[in-house]
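These numbers come from the heavy atoms of this one structure, side chains and all, not from hydrogens, waters or symmetry mates.
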Amino acid sequence: MMTGVNSVSSNDLSPSMEAVDLEPSSSATIFHTDQKKHGDLREMLDSSKDSLKLDAMKRIISMLAKGRDVSDLFPAVVKNVASKNIEVKKLVYVYLTRYAEEQQDLALLSISTFQRALKDPNQLIRASALRVLSSIRVSVIVPIMLLAIKESAVDMSPFVRKTAAHAIPKLYSLEPEMKEELIAVLEKLLADRTTLVIGSAVMAFQEVCPDMNELIHKNFRKLVSLLVDVEEWGQIVIVNMLTRYARTQFTDPNLGQTESADAAEDEGEFYENSDDDDDEEDTTEEAAKPLYKMDPDHRLLLRSTKPLLQSRNASVVMATAQLYWHLAPKPEVQLVAKSLVRLLRGHNEVQAIVLNSIASMTIKSQGGAKMFQPYLRQFFVRGTDPSHIKILKLEILTNLANGSNISILLREFQSYITGADPASVAATIQAIGRCAATISEVTDTCLAGLVHLLSNRDPTVVSESVLEIKKLLQTQEAEHKDIIIQMAKLLDTVEEPGAKAAIVWVVGEYCERIPLHAPDVLRKMAKAFCTQEIPVKLQIVNLAVKMYLTNPAQTKLISQYVFNLAKFDQNYDLRDRARFIRAILFPQGEPGKISKHAKKIFLAPKPPPTIESKFANRDEYQLGSLSHFINARAAGYQDLPGFPEDAPDPSVRTVEVPKPADNPWKKKDNQEKKSDKSRPGPSGQTRAKFYDSDEPGHRSAAAARTDSDSSSDSESDSSSSSSDEESSDSEPEPVKIVAAARTKPKQAAAPPSKSKAKASTRQTKPDT
């Protein structure tokens, strides 16, 4: 059987079967060796036919796109880098871009080919050559890469200039010392007015020199005006960059901006022509109220980015929303609410990021809950939502809760408790507890509902209800004895350690309210001390201390028994705590000063817990960033700059428009026209005239005046007129008259010609 298998050669396999890259763990790898692998592809690449090479490259790129390793074909592929077929050359460059960094030695052999390709007539070939050249991570070719980037940065094709912008960060990461030269290239790319280029140029700016705002000053208004026409990826990069730039160049728009201040400003503009006394009173009142006047460039940025909220790309909408959140006045931030709610119709990944941002915006300390109130029902939980989406929606609903909509929310929460997802059920009970703590009108209602949940069959519901009741009891002034007794009865049925520890803590904290039940609870817990979890044991020790201090007659022996058990426990934290407390309560000698103050130490009143959102401390991170999403500083995160107290000079963003240069061809045409007017014909006579009025003698004074005006407009005209005067002796008589008309524009009429004079004499002869 094995001989039959070995007789099968790789040539018997079809090309499609040979191109399949099997996994190393597969038993089919015994059919070929490394030398025979992709053998047919090598033969096709070495062929003289371009059609075979093209088919081979298509199959290689297909395998590359599927994540298969085809690096062993690098020598065969790199031979075709100088192919005359454009399609083959494009695919070769795609392959080399992927493996040039891994096969650096072989890629260096084709450096001259890449340099020649940089001057190829096809823009795709030039861009691909630069992309491959920048992918070779060898410091030896850094000067070649820099020269190629400089040449491509001034290329006629925007696509090549865009590729040059992408190559700048690669060269900077390879050789940071070339920063100054790269900044000079970046300055040219940032001045480009092509929408295909500026997005990549800003991306390179962010990688190389994100703090050099002087490169952005003169291009700020251009970037803002072209922002709508840039591709979506470039819009995200530019908006994020402009957010950081605006935080350093403009003052905080929300400082001193109040409704009364705005009204005073509007009223001052309406009555600007009132009496002087009224003006003085208005100025004194305005001086007492701080007013904010928005910079025109700041307003231009907000106005230009507003259309991006209607983008179909969720990342563009999210970037624009964070720009408004960090830069716009609070009344204008409300524009982003509708756009963010629209994104909730997208995929679960998009919903998670958007809901995370909305949850941070709706915290009461941030003041963003008001703008999402009209969209309350959009955050209701659906049965098809995953757990993390449900939890985020519950967080937002809790932040939006107030006295007007709490009844709707409580009915909605009641339906969520019966869900099958334990995580969302626990989050729902926590939301009820937060609503009870923040809205005093429904505190008793929520507390009664949580107590009702203690009889639920689901242990998760009971455990979370116990934890929330514990928090609420600390915030209530009423005794609630029945609730504490009902919680104490659950010790035999509750299995979750956190819930059981919470019940023991409640009994110990309010042991004076239930003097008949507390000793019995201590007896039961001491009996099962050894089988409890560590959190429960710690609370049993605390219960023993409080019971000994409040009711020593009944609980002294039980308390000593608990301390003896804790003294020999395996957990060192519990042992140390028991020995410390035992030394205070049961000193061997005379009681010390600490023992006299034991009640003040262990029975001191405790402040109520602050029930707040988990998103309360996320305002330190930029909205929508990875650090904001994970609530931790991610690698590469840069803090958002704060607003300056005094805005820098806004004139740095003013760019003077260059005046158009004089057209030398127009001046030359004027000279030729005027010289043609005074040029005589071939026989000494003037040119043929279309009308009789073209004669110089019949020219009106207005025509003579226009001739004089046109001659005085330019120096060349005056020079031509002066030359006409100098040559007046050799010219015929009509030309003399024209020259006289130019030099004397105020003359009323020109003298009659010789022909007319002869005609007049002939008419007078009969009279004589």
Handout entry: Ring center gap for Y99 and Y95 short of 6.0 angstrom
Key = yes
Problem - Backbone N/O of P641 and side chain of R247: donor-acceptor pair under 3.5 Å - result: yes
Exercise for the section: Check for a donor-acceptor pair, side chain of S173 on one end and backbone N or O of K170 on the other, with a separation under 3.5 Å. Expected result: yes
Completion exercise
Only one of Q322, Q622, Q235 passes side chain to side chain donor-acceptor pair (under 3.5 Å) with N240, and that residue is Q322
Problem - Side chain proximity check, I60 to L45, heavy atoms < 4.5 angstrom - result: yes
Practice task
Considering only NZ, NE, NH1 and NH2 on the basic side and carboxylate oxygens on the acidic side, decide whether E87 and K58 come within less than 4.0 Å.
Solution key: no
Practice task
Please say whether more than 12 non-hydrogen atoms of neighbouring residues, nucleotides or ligands are located less than 6.0 Å from NZ in K306.
Solution key: no
Exercise for the section: Might you point out which heavy atoms bring V142 and M178 nearest each other, and give the distance in Å? Expected result: CG1-CG, 4.0 Å
Handout entry: Exam field: side chain T194 to backbone L196, donor-acceptor pair closer than 3.5 Å
Key = no
Problem - Verdict with supporting geometry, R377 and E412, salt bridge (Lys or Arg N to Asp or Glu O under 4.0 Å) - result: CA-CA 10 Å; R377 296 184 180 274; E412 194 72 17; over 6 Å; no
Exercise for the section: Kindly indicate, with the supporting measurements, whether the criterion salt bridge (Lys or Arg N to Asp or Glu O under 4.0 Å) is fulfilled by D192 and K222. Expected result: CA-CA 9 Å; D192 201 312; K222 180 199 69 175; over 6 Å; no
Handout entry: Non-hydrogen atoms of T320 and V239 that approach each other most closely
Key = N-CG1, 4.1 Å
Practice task
Report the distance from atom NZ of K393 to atom CG of L344, rounding to the nearest 0.5 Å.
Solution key: 6.5 Å
Handout entry: Sidechain-backbone polar pair: S357 side chain, I353 backbone, donor-acceptor under 3.5 Å
Key = yes
Problem - Main-chain N/O of L302 paired with T305 side-chain donor or acceptor, under 3.5 Å - result: yes
Practice task
With the side chain counted from C-beta on, respond yes when I358 and F372 share a heavy-atom pair under 4.5 Å apart, and no when they do not.
Solution key: yes
Practice task
Under the salt bridge (Lys or Arg N to Asp or Glu O under 4.0 Å) rule, what do E232 and R312 come out as? Steps first, then yes or no, please.
Solution key: CA-CA 9 Å; E232 295 172 346; R312 62 181 179 180; 3.2 Å; yes
Problem - Donor-acceptor side-chain pairing of S71 and D69 below 3.5 angstrom - result: yes
Output a table of donor-acceptor pairs, distance under 3.5 Å, between side-chain atoms of residues 202-216 and any protein atom two or more places apart or on a different chain; print 'none' if there are none.
| from | atom 1 | to | atom 2 | distance (Å) |
| --- | --- | --- | --- | --- |
| N213 | ND2 | T248 | OG1 | 3.4 |

Problem - Donor-acceptor contact below 3.5 Å, side chain R618 vs main chain F629 - result: yes
Practice task
Decide yes or no on side-chain contact (heavy atoms from CB on, under 4.5 Å) for E175 and M145, but give the supporting numbers first.
Solution key: CA-CA 11 Å; E175 192 68 28; M145 291 174 58; over 6 Å; no
Problem - Donor-acceptor pair between S613 and E395 side chains, under 3.5 angstrom - result: yes
Exercise for the section: Could you give me the CA-CA distance, side-chain angles and deciding distance for W233 and S315, then say whether side-chain contact (heavy atoms from CB on, under 4.5 Å) is met? Expected result: CA-CA 9 Å; W233 175 82; S315 299; over 6 Å; no
Practice task
Check step by step if side-chain contact (heavy atoms from CB on, under 4.5 Å) holds for M361 and F615.
Solution key: CA-CA 9 Å; M361 296 168 68; F615 295 83; over 6 Å; no
Practice task
Dump the intermediate steps for side-chain contact (heavy atoms from CB on, under 4.5 Å) on K188 and K150, then the final yes or no.
Solution key: CA-CA 10 Å; K188 295 180 181 178; K150 287 183 178 179; over 6 Å; no
Handout entry: NZ on K53 to CG on L41, rounded to 0.5 Å
Key = 14.0 Å
Practice task
Starting from the C-alpha separation in whole Å, work towards a yes-or-no answer on salt bridge (Lys or Arg N to Asp or Glu O under 4.0 Å) for R42 and D72.
Solution key: CA-CA 10 Å; R42 289 189 178 89; D72 57 324; 3.3 Å; yes
Practice task
Compute the ring centroids of Y637 and H628, then answer whether they are less than 6.0 Å apart.
Solution key: no
Problem - For the student: nearest non-hydrogen atoms of S339 and V317, plus distance - result: CB-CG1, 3.8 Å
Handout entry: S360 side chain to N356 backbone, donor-acceptor under 3.5 Å
Key = no
Handout entry: Flag side-chain contact, heavy atom, 4.5 Å: M156 against Q123
Key = no
Exercise for the section: Provide the closest heavy-atom pair for L186 versus A201 in the form atom of the first, atom of the second, distance. Expected result: CD2-O, 3.6 Å
Problem - Geometric class of the F250/H298 ring pair [parallel <30°, tilted 30-60°, perpendicular >60°] - result: parallel
Completion exercise
Of R161, K119, R126, the one forming a salt bridge (charged side-chain N to carboxylate O under 4.0 Å, His left out) with D155 is R126
Problem - Nearest heavy atoms of L130 and V160, plus distance in Å - result: CD2-O, 4.5 Å
Handout entry: Atom pair CG (L52) and CG (D46), whose distance is rounded to the nearest 0.5 Å
Key = 11.0 Å
Exercise for the section: Please check if atom NZ in K90 has more than 12 non-hydrogen atoms from other residues, nucleotides or ligands closer than 6.0 Å. Expected result: yes
Handout entry: Note: R633-E620 ion pair, threshold 4.0 Å (strictly below)
Key = no
Completion exercise
Between L327 and L242 the two heavy atoms that sit nearest each other are CD1-O, 4.4 Å
